[in-house]
There are 2 protein chains.
Amino acid sequence: MKCCPIDNTFKMIGKKFTIHILRNMMLQEQTRFNQFLDSIENINPKTLSARLREMEKTGLIERRVFNETPIRIEYLLTQKGKALRAIIEQMAAFSIKYESRTVFKDKKPRTLHQFLGENPTVLK
Amino acid sequence: MKCCPIDNTFKMIGKKFTIHILRNMMLQEQTRFNQFLDSIENINPKTLSARLREMEKTGLIERRVFNETPIRIEYLLTQKGKALRAIIEQMAAFSIKYESRTVFKDKKPRTLHQFLGENPTVLK
DNA sequence: CGGAATCCTGAGAGATACTG
DNA sequence: CAGTATCTCTCAGGATTCCG
């Protein structure tokens with residue numbers, strides 16, 4: 001067997017910043033290049049561009065061009081991309097349950113539902 | 001906010017080979033250094049050792065020494081480590097649903113339950 | 001605005017040999 | 001058996017500038 005579904009998924013979302021982009025698309029409804037660039041810490045345009053292209057190629061997102069001036073380009077989750085939400089939520093749930101003291105500065109434990117419903121600014 | 005639970009989880013399992021080790025512990029019940037070394041493709045002892053130490057430090061696994069001859073050392077999942085199974089399963093489920101043609105050489109779609117119940121040798 | 005083009009660096013991985 | 005010790009090396013990512 002040359003491939004394993006777990007390994008395969010990891011190859012799609014395991015690179016640096018990919019899950020941050022997904023997270024911001026899912027939880028903050030971000031769609032634009034400079035939104036990602038401004039809100040994801042330490043990312044640079046070259047790397048962001050590379051991640052977006054990879055995600056487009058693997059069918060997680062769709063690149064949509066609006067011919068306005070200035071030009072507007074939006075990155076949107078596909079159905080396949082939206083299906084990753086279950087993984088993202090499980091990742092959040094894990095740290096919320098087992099690492100709340102290191103994850104939340106108020107050290108207050110909270111539920112996944114509480115976290116997902118919180119002000120977007122709580123996200124890094 | 002300095003930290004995000006999604007990002008925090010990714011830092012714990014995002015490095016190369018970590019999920020492979022977890023997968024083999026969860027689904028194949030492997031516990032020993034040379035089992036991992038032999039079954040995880042392209043891993044070398046230095047990297048394996050590094051990953052195991054990280055996982056021990058973050059509390060995902062426990063290192064247990066048996067003073068026999070030859071010495072036997074087992075790596076066991078902690079409760080915290082076992083809690084990652086939900087993420088691993090979601091990762092498997094995603095590729096099974098959206099990438100079965102690239103993941104399974106027989107190109108036959110199957111359910112997560114079928115995959116988890118299959119012969120361990122199907123895993124890479 | 002949404003990138004592309006450069007140049008550059010260093011952390012992390014590969015290979016191999018060795019040891020208690 | 002379960003690792004450590006080196007050494008090398010690549011390439012992903014960082015910083016910066018520029019373009020349509």
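Reminder, nothing fancy here: chain letters follow the sequence lines and each chain counts from 1. What you see below is based on every heavy atom in this structure, not just the backbone, and it leaves out hydrogens, waters and symmetry mates.
Proximity of B:R53 to the phosphate of D:dT4: a side-chain N or O atom is located under 4.0 Å from OP1 or OP2. Contact check, A:R64 against C:dG2: no side-chain N or O comes under 4.0 Å of OP1 or OP2. Between B:Y75 and D:dC1, a side-chain N or O to OP1/OP2 separation shorter than 4.0 Å is absent. A sub-4.0 Å separation between OP1 or OP2 of C:dG2 and a side-chain N or O of A:R72 is absent. One finds a side-chain N or O of B:S49 lying less than 4.0 angstrom from the OP1 or OP2 phosphate oxygen of D:dT4. Note on A:R32: a side-chain N or O is less than 4.0 Å away from OP1 or OP2 of C:dG2.
There is no side-chain donor-acceptor pair under 3.5 Å between A:E54 and A:T18. For B:S39 and B:Q28, the side-chain atoms include no donor-acceptor pair closer than 3.5 Å.
The aromatic rings of B:H20 and A:F10 sit perpendicular to each other, their planes meeting at more than 60°, with 30° as the lower class boundary.
Straight-line distance from the CZ atom of A:F33 to the C1' atom of D:dG20: 15 Å, rounded to whole Å. Between A:F66 atom CZ and C:dG3 atom P the separation is 13 Å, expressed in whole Å. Between B:N67 atom CG and D:dA2 atom C1' there is a gap of 13 Å when expressed in whole angstrom units. Rounded to whole Å, atom C1' of D:dG3 lies 13 Å from atom CD of B:E56. Atom C1' of nucleotide D:dG3 and atom CE of B:M55 are separated by 17 Å, given to the nearest angstrom. Note: CG (A:L48) to P (D:dA12) measures 17 Å, nearest angstrom. The nearest whole Å value for the distance from the CD atom in B:Q30 to the P atom in D:dA2 is 12 Å. Here the C1' atom of nucleotide D:dA2 and the CG atom of B:D38 are 12 Å apart, to the nearest Å.
More than 12 heavy atoms of other residues, nucleotides or ligands shown are found within 6.0 angstrom of CD on B:E68.
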List, with names and distances, any nitrogen or oxygen atoms from the protein found under 3.5 Å away from nitrogen or oxygen atoms belonging to nucleotides 12-16 of chain C.
residue: C:dA13; atom: OP2; partner: B:R51; partner atom: NH1; Å: 3.1
residue: C:dA13; atom: OP2; partner: B:R51; partner atom: NH2; Å: 3.1
residue: C:dA13; atom: N7; partner: B:K46; partner atom: NZ; Å: 3.1
residue: C:dA13; atom: N6; partner: B:K46; partner atom: NZ; Å: 3.4
residue: C:dG14; atom: OP1; partner: B:K16; partner atom: NZ; Å: 3.4
residue: C:dG14; atom: OP2; partner: B:N44; partner atom: ND2; Å: 3.3
residue: C:dG14; atom: O6; partner: B:K46; partner atom: NZ; Å: 2.7

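Here the side chain of A:R63 is nearest to one of D:dA2, C:dG2, D:dC1, namely C:dG2.
The two residues B:I73 and B:R32 come nearest to each other via the heavy atoms O-CG, 3.6 Å.
Residues B:T9 and A:Q90 fail the side-chain proximity criterion, which asks for heavy atoms closer than 4.5 Å. At a threshold of 4.5 Å between non-hydrogen side-chain atoms, the residues B:V103 and B:I96 do not count as touching.
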